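One-based numbering, in listed order, for ligands and for the atoms of each. Values in this document were obtained by computation on a predicted structure and should not be read as measured data. All residue numbers refer to positions in the sequence shown, counting from 1.
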Amino acid sequence: MSELTSLTLKSALEGLQSRAFSSVELTAAHVAAVEAARSLNAFVLETPEKALQMAAASDARIASGDAGALEGAPLGIKDLFCTRDVRATACSKILGNFIPQYESTVTANLFGDGAVMLGKLNMDEFAMGSSNETSAFGPVVNPWKIAGGNQSLTPGGSSGGSAAAVAADLCLGATATDTGGSIRQPAAFTGTVGIKPTYGRCSRWGIVAFASSLDQAGPIAKTVEDAAILLTSMAGHDEKDSTSLNVETPDFASFVGKSVRGLRIGVPKEYRVDGMPPEIDALWEQGIAWLKEAGCEIVEVSLPHTKYALPAYYIVAPAEASSNLARYDGMRYGLRAEGGNLTEIYENTRAQGFGAEVQRRILIGAYVLSAGYYDAYYLKALKVRRRIAEDFDRAWETCDALLTPTAPSAAFALGERNADPIAMYLNDVFTVTTNLAGLPSISVPAGLDAQGLPLGLQLIGRALDEGTVFSLAGAVEKAAAFRSKPAKWW
Ligand code: GLN
């Protein structure tokens, strides 16, 4: 059944509609692939019975002509999404065996369109990390390896399980979330496509909160078109999230394959950072050439506050996290540790329940929000955030979208950077800017480095202009003709 797992979402949906195979067959093939890939540690919970039940229901709807847009397609769900009656942990010990009584809006939208859930995907604890190494379930292993090598590499983070599962053909697509790069950087590290839409496109309701003003859901997929199909289902206004935008959701797939002739593409000079491998620079140049050939006009732009984005992000995100994570007190759900009095119970629960990185973020967040430091750190970071958004506004006067690398390196080895938080945070240097400004941005696989590892290019668009982003991503995908897959070793 391996041919069924190597299908794109688009071709699988066509096969289901033409009855070339059933959803039960398609789902069973993916269930088998998930079971055979446990060494990747991509799934933290497999739900095969549920998947096959959902698939049978999909087959019945296909037979009766009631198929939804994703009818019968098996997907993986990041464990940050609350799934009704199915454990959701955010890959933290503090949530213990939490079984939500409700469904997140994004997963409800997907399932409402007929998608099938294969299980819950591994991630960094509370989505804090860039390598999936902060997960309470242990790291995900990237299906890709250095050519001729056998070292275990990170799939990136925090959506490492989502990216690895898609890259290894364990699911046709996956949900993910992006607060500072967690969709795009893992997509770049695994040769997959990942889009973070405009802030407010997807409802955050039922997604475990990390930093509420930055968090957005989006898909990781095998192709740009698949990502567009998934995002069309995931997005939409939701009264249960006050920051959800009350706007129409276009058919994003209709933008893929559209001509990009005449579009002006900005190349921000500040995204050329020290120590970036020359291959990434070369790939960026290649991307510029591809878009030129496709009829785009290339303009150099300046985003002068870029260098402050990472420090601002690592103040704003922990500040919001420290507030959001205050709810985990051992009283209402999840882990509760013993203690002689209430304060001790709180302290012991939080000390045992949160991992080291999450504790670091809570401490930083509490510090930058504290009375004496609020103005010096948090308020200043908010001002920087505004300057960054204004940089983009100015760029849109001369261009329609921006092209940058997604990450400053290819996938690195597990264990290589987790001793040094700053080295880890530097992964997010090209991605946090669009979270701070709320803009849509996609990572498209564009080539391999000298070691045979995938590299991604990022396209950034105006707020709510995912359409242009998808058209350009489609053009890059076509020109790059990236068809490499990791050699199956798992
Ligand atoms: N790597 C970033 C962080 O650790 C971004 C994470 C994310 O986007 N969820 O905060």
Under 3.5 Å, is there a donor-acceptor pair between the Arg204 and Tyr199 side chains? yes

Quick check: Gly181 and ligand 1, any N/O pair under 3.5 Å apart? yes

Among side-chain atoms of Glu466 and Thr198, is any donor-acceptor pair under 3.5 angstrom? yes

Per-atom contacts, ligand 1 versus Gly180 - under 4.0 Å to a heavy atom: 5 (C), 7 (C), 8 (O)

Would you tabulate the side-chain donor-acceptor contacts of residues 372-384 under 3.5 Å, counting partners in other chains and residues two or more places apart, or write 'none'?
none

Closest approach of any protein heavy atom to atom 6 (C) of ligand 1, naming residue and atom: Ser182 OG, 2.8 Å

Taking 4.0 angstrom as the limit and counting only heavy atoms of Ser130, give me the atoms of ligand 1 inside it, by number and element. 1 (N)

Any side-chain donor paired with an acceptor under 3.5 Å for Asn324 and Arg327? yes

Quick check on contacts: which atoms of ligand 1 are under 4.0 angstrom from a heavy atom of Ser158? 9 (N)

Within 4.0 Å of some non-hydrogen atom of Tyr314, the atoms of ligand 1 are 1 (N), 2 (C), 3 (C), 4 (O), 10 (O)

In terms of side-chain geometry, is the basic nitrogen of Arg272 or Glu285 positioned less than 4.0 Å from the acidic oxygen of its partner? yes

If you scan protein heavy atoms around atom 4 (O) of ligand 1, the nearest is Arg361 NH2, 2.7 Å

Considering only non-hydrogen protein atoms, determine which one is nearest to atom 2 (C) of ligand 1 and report residue, atom name and distance to 0.1 Å. Asp428 OD2, 3.1 Å

Atoms of ligand 1, numbered as shown, that sit under 4.0 Å from any heavy atom of Phe210: 9 (N), 10 (O)

Can you check whether Phe126 and Phe210 have ring centres sitting under 6.0 Å from each other? no

Checking a contact table here: which protein heavy atom is nearest atom 10 (O) of ligand 1, and how many Å away? Tyr313 OH, 2.7 Å

Taking 4.0 angstrom as the limit and counting only heavy atoms of Ala127, give me the atoms of ligand 1 inside it, by number and element. 6 (C), 7 (C), 9 (N)

Under 4.0 Å from a heavy atom of Asp178: which atoms of ligand 1 are those, numbered in the order shown and with their elements? 8 (O)

List every atom of ligand 1 that sits less than 4.0 Å from any heavy atom of Gly129, numbering the atoms from 1 in the order shown and giving each element. 1 (N), 2 (C), 3 (C), 4 (O), 6 (C)

Flag Thr177 as yes when one of its N or O atoms lies below 3.5 Å from any N or O atom of ligand 1, and as no otherwise. no

Aromatic centroids of Phe189 and Trp144 separated by under 6.0 Å: no

Hydrogens and angles aside, do Asn109 and Ser233 bring a side-chain donor and acceptor to less than 3.5 Å of each other? no

Determine the interplanar angle of the Phe392 and Trp396 rings, folded into 0 to 90°, and report it as parallel if under 30°, tilted if 30 to 60°, perpendicular if over 60°. parallel

